[in-house]
Amino acid sequence: MIEIEKNYDHKKVEEGKEQFWLDNHYFEAMREENLSKPPFSMIVPPPNVTGILHIGHAINTTIIDIIARYKKLSGYDVLFLPAMDHAGIATQAKVEEKLRQEGVNKYELGREKFLEETYKWKDEHADYITKQWLALGLSMDYSKSRFTLDDGMQKAVAHVFKTLYDEGLIYRGERIINWDPELKTALSDIEVVYKEDKGEFYYFKYWLEDHSTYLEVATTRPETMFGDQAVCFNPEDERYKDLEGKRVINPANGELLPLIADRYVDKEFGTGVMKCTPAHDPNDFKIAKRHNLKLVRILNDDGTMNEKCGEFNGLDRYICRDKLVEKIKSEGNLLKIEDITHNVAHSERSHSVVEPLLSKQWFVSMRKLADAVIEIQNSEDKTSFFPTRFADTFLTWLKNTDDWCISRQLWWGHRIPVYTDKITGEVVCSETPLDPEKYSQDEDVLDTWFSSALAPFAFLGWPEKTELLERYYPLDVMVTAYDIIFFWVERMAFEGVHFTKKMPFKKVYIHGLVRDEKGRKMSKSLNNGIDPFKVIEEYGTDSLRYALATNSTPGLDVNFSMKKVENAHIFLNKIWNASRYVLNLFPEDYVPFEIDFSSLSPLDSWILNERDKLIENVKANMEKYELGQAANYIYNFIYDIFCSNYLEFSKVTLNSDDENRKKETINVLYHCLKDILTILFPFCPFLSEEIYSYLPFHKKSLYEESYPLPYDVEYKKEDLNFAESLVESIKFIRNHKSILSLAPNYPLNLALYTDEKTYKEVYPYLKRFSFAKEITLLLEKKGNMVHYLSYDLSVEDDEKAKQAIAKRIEFLKDAIAHSEKLLNNPNFLAKAKKEKVDYEKEQYEKYTSELKSYL
RNA sequence: GGAUGCUUAGCUCAGUUGGCAGAGCAUCGCCUUUACACGGCGGAGGUCAGGAGUUCAAACCUCUUAGCAUCCACCA
């Protein structure tokens, strides 16, 4: 008798297991003993060292871990590589905030000291994140952990920059970029988020030079008027055609602006006249290029007005806006102010309003790089996406993307490896640092995604030719959420293709985001975030993992709630108890043996057949990353087939005196339980490992087992029918009692019309599960029989019992009508698949003959 | 403006090549049956968002309308 606690206690079960696996090196890739196995590789999308892991990270890493463990059991040498991201802007913003609260100014602190502070911050968070990973039970190869700013990455980044620079694919240029005035740095296009904001649309009078008349010009950003270089209209616009070449007075500063015609202007929009501010708007910039206009910047880096703005010099942009409008109004040149709702660009990190402005920055020239990926995606070597629709999302971006602004005016990050000779002024790009006495290095750092884009190969040692790279590149599958397809997946793709000539991953699996139970995004302001640690504390890692995996459909968001975790816990408790029952059945001298399929009892055939179907279904779905679907099959098998039916049936067998059959059943239970645990292991590793350790003749760990395969046998059809009819007839009797309002344990009389052999076989089961008082074997068929595949059954001749039969008749009539309709349709007979027609005929025969016997 | 996803039981969602609609929770009966009351058994509950089409057959394929959500672009 094994002493196992009555209830599943996740804390006791999970304690020490992760360490146990670590101690036995199960998570490590490329170990001597595994070198003959095929490799399988994945990396974790590196979390930012900015903060701690939330439930969104949990779903991502859980999915990867399930795949990793599944592949491991399926005979692969799995690499699951952990890494963290320095997250330039995000981390620097946090550290600056922290320093501000401590009353420290970063400029006074200086670059070196600031970076020291940031490294401290990074170390603290990295430690905590690692703890969270371990708590989530992740089987990452921690010995190979990487950081996007580590030495290897420094080399890789410098090499990539230098190469692209030499190829002319990285250039420095003056263009309109997105400027974050709070963090005082440039941003790439995708670091900008558009939000609907309420704003004002100001209409001003722009008088003609000769004061003969004025034009109505509208703007949402009056403060930029100091940078206006022209007023434009469409050349086709009859209203203004004659004005071309004349000049108007800028009401902000009295300067004269030329009137120019440009096709960009929409005749239908507003008044059809538009002011042109080349240094503060990308479209105006293009117009300026066409018309040779000057580029005048009117904002300082911190969002205040500069010296071009006269009396407004030094004022914040919004204060300036109000004061300027006030001034123009007082001069009689304000026509009206309309309230409008428009899309305003905000910084993804600081949330401040982004100013488009002219600035000298570094860019990656995208066309050639993107086209190379598009070409591969149109070939046989393409990377496949799950779900497939994301392949289009991926391609569309590549087709439309603009050059990538990669320089950031930050300190935390990879510094741009470009140097200027202090004497000659010569500009040099160098992979290795140059003498600071002779050269001054570019002050800026690179966009964080510039380094994380190299992850699939640089984390494996590139540009060195390492064994790791050789063996595991390209990655087998990239698992990530749809919100970073553009940030990360795209960039890994074109860097990978450019530097390794192949896509960096064979497959991409895209999952959704975790939302709260009402489908709202988890956010600090709503305070609806869920801390995975809390969930683990209350319900355990396995429940969390199971809840995340089961409730998700590929590519769709998951509405997460504690209730779902609680349900998972209840299910695990069920498994715990079922195992507890099975584990106590094994006699002292039990030794597992091979199943002899030639002499199986019908019920044992049935459960093994169900087991085989389970394995096929789970494997098929795992290969498609349909984890939720796979988990459903597991759930149904364990709950309905194994627990509710087979375990119950086994009690009858084990109470009989057929010693051979008892032995066989115990052995079948052993194999089923072991297989269940192995199949469950990827999803709920702690619980399955714990129960496994109680199993007789277990190995050191489930990790040393291999994934079960379906048995290559034909089960006897009549055995399977027998089991199915047993399940059905028990259900019938229970149902019958329910209709008659009889207690479930009310002793009924049953009559069976069948052969003696079946009677003998069925009797003990019916007796037990239907609380039959008496079960008679009928040699001659009488009325009121309910028909099952192997035999006919009737309950005692009660007046009310007819209700149950009536219900059955109802069902039969329906089913027959359905079949008749199909079979009477000549088109159906002619065009439907043969199997379907045969099946329908069979059904019809079966049901009509049953119905006849009731009438 | 362009694109995508979603709409199925009271709620949260599955539904794998088209073949008589499923689960969990909630609800309603009944049951302390020797693994499990974190349990067992049974019931009730659906015009698969609306419309049209293809097909012998549509929750599923095509078109269309509506609502919700998200992404991309962005007109001053």
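In this text the structure is predicted, and so the values were computed from the model without any measurement. The sequence lines fix the lettering, A, B, ..., with proteins before strands; numbering per chain opens at 1.
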Which nucleotide in the list [options] gets nearest to the side chain of [X]?
X      : options                : value
A:Y194 : B:rG42, B:rC74, B:rA14 : B:rC74
A:M274 : B:rA76, B:rG5, B:rG42  : B:rA76
A:F201 : B:rG5, B:rA76, B:rU16  : B:rA76
A:N7   : B:rC20, B:rC38, B:rG24 : B:rC38
A:L556 : B:rG24, B:rC75, B:rG5  : B:rG5
A:P744 : B:rC30, B:rG19, B:rG42 : B:rC30
A:R734 : B:rG24, B:rU16, B:rG42 : B:rG42
A:L647 : B:rA35, B:rC20, B:rU4  : B:rA35
A:L822 : B:rU16, B:rG19, B:rC25 : B:rG19
A:K731 : B:rA14, B:rG42, B:rC56 : B:rG42

Query raised in the report: Pick from A:K286, A:R290, A:K289: which one makes a salt bridge (Lys or Arg N to Asp or Glu O under 4.0 Å) with A:D262?
Result: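 Filter result, single survivor: A:R290.
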Requested in this report: Describe, in one word, how the ring planes of A:F385 and A:F394 are oriented to each other, choosing from parallel (under 30°), tilted (30 to 60°) and perpendicular (over 60°).
Outcome: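 Geometry flag for A:F394 against A:F385: tilted rings.
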Report task. Measure the acute angle between the ring planes of A:H736 and A:F732, then classify it against the limits of 30° and 60° as parallel, tilted or perpendicular. Result ->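 Rings of A:H736 and A:F732: tilted, 30 to 60°.
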Watson-Crick or G-U wobble partner for [N], using a 3.5 Å limit on both distances?
N      : result
B:rG18 : none
B:rC68 : B:rG5
B:rC11 : B:rG24
B:rU34 : none

Query raised in the report: Any ion pair linking A:R221 and A:E355 (charged N to carboxylate O, less than 4.0 Å)?
Result: yes
Is the phosphate of [N] approached by [X] (side-chain N or O, under 4.0 Å from OP1 or OP2)?
X      : N      : answer
A:T553 : B:rA14 : yes
A:S579 : B:rA35 : no
A:N735 : B:rG43 : yes
A:N827 : B:rU55 : no
A:K737 : B:rG29 : no
A:K6   : B:rA37 : yes

Classify [X] by what it touches in the nucleic acid, base, sugar-phosphate, or nothing, heavy-atom distance under 4.0 Å.
X      : answer
A:N825 : sugar-phosphate
A:A218 : sugar-phosphate
A:F486 : sugar-phosphate
A:T393 : nothing
A:Y639 : sugar-phosphate
A:V273 : nothing
A:A832 : base
A:S644 : sugar-phosphate
A:E648 : base

Report task. Using distance alone, with no hydrogens and no angle criterion, decide if A:N621 and A:Y633 have a side-chain donor and acceptor under 3.5 Å apart. Result ->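 No, no side-chain donor-acceptor contact under 3.5 Å.
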Nearest-Å distance, [atom1] ([X]) to [atom2] ([N])?
X      : N      : atom1 : atom2 : value
A:I287 : B:rC75 : CD1   : P     : 11 Å
A:F769 : B:rG40 : CZ    : P     : 14 Å
A:D483 : B:rC71 : CG    : P     : 9 Å
A:I570 : B:rA35 : CD1   : P     : 20 Å
A:N283 : B:rA73 : CG    : P     : 13 Å
A:N745 : B:rC31 : CG    : P     : 8 Å
A:M562 : B:rC11 : CE    : C1'   : 19 Å
A:H736 : B:rC41 : NE2   : P     : 19 Å

Report summary line: Comparing A:K574 with A:N617, nearest RNA chain B nucleotide closer to 5' gives the residue A:N617
**Report entry** 5' precedence on RNA chain B between A:Y482 and A:K267 (nearest-nucleotide basis)
**Finding:** A:Y482
Requested in this report: Give a yes or no answer on whether the side chain of A:S738 reaches the backbone of A:R734 with a donor-acceptor pair at less than 3.5 Å.
Outcome: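 Checked: no pair found.
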Query raised in the report: If only atom types and distance count, is the side chain of A:N577 paired as donor or acceptor with the main-chain N or O of A:N573 below 3.5 Å?
Result: yes
Requested in this report: Answer with yes or no after comparing the ring centroid distance for A:F386 and A:Y509 against a 6.0 Å cut-off, counting only values under it.
Outcome: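 When the ring centroids of A:F386 and A:Y509 are compared, they turn out to be at least 6.0 Å apart.
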Query raised in the report: For the ring pair A:Y546 and A:H569, is the centre-to-centre distance below 6.0 Å?
Result: no
Using atom [atom1] of each nucleotide, how far apart are [N] and [M] to the nearest Å?
N      : M      : atom1 : answer
B:rA49 : B:rA59 : P     : 10 Å
B:rC41 : B:rU8  : P     : 29 Å
B:rA21 : B:rA9  : C1'   : 10 Å
B:rG15 : B:rA23 : P     : 15 Å
B:rC20 : B:rC6  : C1'   : 27 Å
B:rA37 : B:rG18 : P     : 45 Å
B:rA26 : B:rG19 : P     : 31 Å
B:rC68 : B:rU27 : P     : 32 Å

Is any side-chain N or O of [X] under 3.5 Å from a base N or O of [N], one able to act as donor and the other as acceptor?
X      : N      : answer
A:Y581 : B:rU34 : no
A:K651 : B:rA35 : yes
A:N343 : B:rC74 : yes

Query raised in the report: Between A:E223 and A:R317, does a salt bridge (charged side-chain N to carboxylate O under 4.0 Å, His left out) hold up when you go through it step by step?
Result: CA-CA 7 Å; A:E223 68 279 7; A:R317 51 189 164 156; over 6 Å; no
